[in-house]
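FYI, side chains are in, hydrogens and waters are out, and symmetry mates aren't considered; it's all heavy atoms of this structure. Quick caveat, the model's predicted, so the values are computed rather than measured. Each residue takes its place number in the sequence, starting with 1.
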Amino acid sequence: MLLLGSHRFLLPQCLSYSAFVSSYKSALRSPLPRPRSMAVYRTSASPSPSRFLLRQLFEKESSTYTYLLADLAHPDKPAVLVDPVDRTVDRDISLVKELGLKLIYAMNTHVHADHVTGTGLIKKKMPEVKSVISKVSNAKADHVVEHGDKIYFGDLFLEVRATPGHTQGCVTYVTGNGPDQPYPRMAFTGDALLIHGCGRTDFQAGNSRQLYQSVHSQIFTLPKETLIYPAHDYKGFTVSTVGEEMLYNPRLTKDEEAFKSIMENLKLDYPKMMDVAVPANMVCGLQDLPTKS
């Protein structure tokens, strides 16, 4: 029996004390094997690992995620906000300023029914910021985008993919595919694809078959390591991947008929903010908001 520190070892008869100590010290210097479940992410061919900035921000009343993206390698540090919320505009603007970023776009994935977008308030406080939403949504914005468009911030860009079904104007913003773009790719899916779920399809021209086809053709065709960042989560999840959703999403792993049946029998309550949020969001939140008691 050999005692080293607080560890006791039973020496094999064929192994000398000096040989054991040498082997023990060598093992301590060797790196531990990486667990098989640990993902390794890199920024492919970027000037530095910190070129791309991503911050995931949360608004608790509507369980909405807002995403701040920026190109830190560009002299201006241009940035975009995806799905800002009116309640957290001051927080978001403060963060932009603290990080020394230049906010150029405030973008929405669709016309939300559960909260008022922060786009209008952002524009009032920062008039140089441009609002973005899909053309099909028929909402007011400085820039309306269509499937296949690219939105540049510095040398990075987001690709627009039409993913209707939750609403007729839903789009997914996907980070670029190229040697100087972030890796793995990231998809900001709005309500089209949630983590182990999806958005409802019973209002705003929603269509369950269309949503099923949108997700399978525009999101599930991305590389399996693509990170999924939704507009909402109600269970504390923050991120998923295309591969995980293809395997474990309880709705979208079903066939189209089964998915349609699930969506038609959800029996969800009418969104409590819908009558306020939708009219406001059709003008990117620029209307006078009701006084809060």
Side-chain angles (χ1 to χ4, degrees), residues 41-44 46-109 112 114-133 141-143 145 150-159 172-176 180-190 195 227-233 236-240 277 280-281 284-286 289 292:
Y41 301 133
R42 62 182 173 85
T43 303
S44 178
S46 294
S48 71
S50 60
R51 169 174 196 159
F52 176 70
L53 177 140
L54 169 64
R55 294 290 182 270
Q56 184 180 46
L57 310 168
F58 190 64
E59 195 283 307
K60 63 180 181 179
E61 294 299 324
S62 58
S63 297
T64 299
Y65 284 125
T66 296
Y67 298 95
L68 175 64
L69 290 66
D71 182 355
L72 298 182
H74 191 278
D76 294 335
K77 294 184 179 179
V80 302
L81 276 170
V82 178
D83 286 333
V85 180
D86 63 336
R87 296 172 182 266
T88 51
V89 161
D90 289 338
R91 175 203 65 187
D92 298 347
I93 291 177
S94 293
L95 180 60
V96 167
K97 292 179 178 179
E98 287 172 7
L99 295 175
L101 308 177
K102 180 181 179 180
L103 187 62
I104 56 175
Y105 294 124
M107 307 163 56
N108 287 290
T109 53
H112 297 272
D114 54 3
H115 67 270
V116 175
T117 177
T119 307
L121 291 178
I122 291 171
K123 285 180 59 62
K124 288 180 179 179
K125 294 172 181 287
M126 305 175 73
E128 69 279 7
V129 175
K130 304 300 182 184
S131 55
V132 178
I133 201 166
D142 298 310
H143 295 299
V145 293
K150 293 180 179 179
I151 302 167
Y152 279 86
F153 53 107
D155 295 317
L156 304 178
F157 68 89
L158 293 171
E159 172 190 319
T172 292
Y173 299 116
V174 184
T175 54
D180 58 349
Q181 302 298 311
Y183 178 88
R185 300 181 75 183
M186 305 170 198
F188 301 91
T189 56
I195 297 173
L227 300 172
I228 299 297
Y229 287 108
H232 302 283
D233 189 84
F237 298 124
T238 56
V239 63
S240 183
N281 293 337
C284 273
L286 286 169
L289 303 181
K292 297 176 183 177

Engineer: Holding to ring-ring contact (aromatic ring centres under 6.0 Å, His included), I want the full list of residues that pass it with Y105, two or more places apart in sequence or in another chain.
Structural biologist: H143
Engineer: Considering residues at least two apart in sequence or located in another chain, which fulfil the side chain to side chain donor-acceptor pair (under 3.5 Å) criterion with T119?
Structural biologist: N108, T117
Engineer: Could you pull out the closest heavy-atom pair between A277 and V116, with the gap in Å?
Structural biologist: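 Answer, listing the atom of A277 first, then V116: CA-CG2, 4.0 Å.
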Engineer: Quick one: closest heavy-atom pair of G154 and P78, and the distance?
Structural biologist: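 For G154 versus P78, the nearest heavy atoms are N-CG, 3.2 Å.
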Engineer: Between K123 and D142, does a side chain to side chain contact (heavy atoms under 4.5 Å, CB included) hold up when you go through it step by step?
Structural biologist: CA-CA 10 Å; K123 285 180 59 62; D142 298 310; 2.7 Å; yes
Engineer: For the CZ atom of F188 and the OG1 atom of T109, what is their distance to the nearest 0.5 Å?
Structural biologist: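 F188 CZ to T109 OG1: 11.5 Å, rounded to 0.5 Å.
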Engineer: Which pair of non-hydrogen atoms, one from T189 and one from P230, has the smallest distance, and what is that distance?
Structural biologist: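 Taking every non-hydrogen atom into account, OG1-CA, 3.5 Å.
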Engineer: Nearest heavy-atom pair of L156 and P182: which atoms, and what distance?
Structural biologist: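 Smallest heavy-atom distance, with atoms named: CD2-CD, 4.1 Å.
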Engineer: So which pairs with a foot in residues 95-104 pass salt bridge (charged side-chain N to carboxylate O under 4.0 Å, His left out), sequence neighbours left out?
Structural biologist: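 Not a single pair qualifies under salt bridge (charged side-chain N to carboxylate O under 4.0 Å, His left out).
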Engineer: Listed by chain and number, what are the salt bridge (Lys or Arg N to Asp or Glu O under 4.0 Å) partners of E59, not counting sequence neighbours?
Structural biologist: none
Engineer: Just how far is it from atom CZ of R185 to atom CD1 of I228, taken to the nearest 0.5 Å?
Structural biologist: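 Here the rounded value is 11.0 Å.
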Engineer: Pick from I122, L121, N281: which one makes a side chain to side chain contact (heavy atoms under 4.5 Å, CB included) with D86?
Structural biologist: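 By the side chain to side chain contact (heavy atoms under 4.5 Å, CB included) criterion, D86 pairs with just one of I122, L121, N281: L121.
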Engineer: Nearest heavy-atom pair of T238 and Y229: which atoms, and what distance?
Structural biologist: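 Looking at all heavy atoms of both residues, the shortest contact is O-CD2, 3.8 Å.
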Engineer: With no hydrogens and no angle check, is any side-chain donor or acceptor of T66 less than 3.5 Å from a backbone partner on D83?
Structural biologist: yes
Engineer: Name all pairs fulfilling the salt bridge (charged side-chain N to carboxylate O under 4.0 Å, His left out) condition that reach into residues 69-82, sequence neighbours left out, sorted by first residue then second.
Structural biologist: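 Every salt bridge (charged side-chain N to carboxylate O under 4.0 Å, His left out) pair that includes a residue of residues 69-82, provided the two are not neighbours, is R51-D71.
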Engineer: Which residue, D92, V82, L53, forms the side chain to side chain contact (heavy atoms under 4.5 Å, CB included) with L68?
Structural biologist: L53
Engineer: What residues, two or more places apart in sequence or in another chain, satisfy side chain to side chain donor-acceptor pair (under 3.5 Å) together with D114?
Structural biologist: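 Scan of D114 (side chain to side chain donor-acceptor pair (under 3.5 Å), adjacent residues dropped) gives H232.
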Engineer: Quick one: NE2 on H115 to CZ on R87, what's the gap to the nearest 0.5 Å?
Structural biologist: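 One gets 10.5 Å once the value is rounded to the nearest 0.5 Å.
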Engineer: Quick one: closest heavy-atom pair of A106 and P84, and the distance?
Structural biologist: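 Of all heavy-atom pairs spanning A106 and P84, the closest is CB-CG, 4.4 Å.
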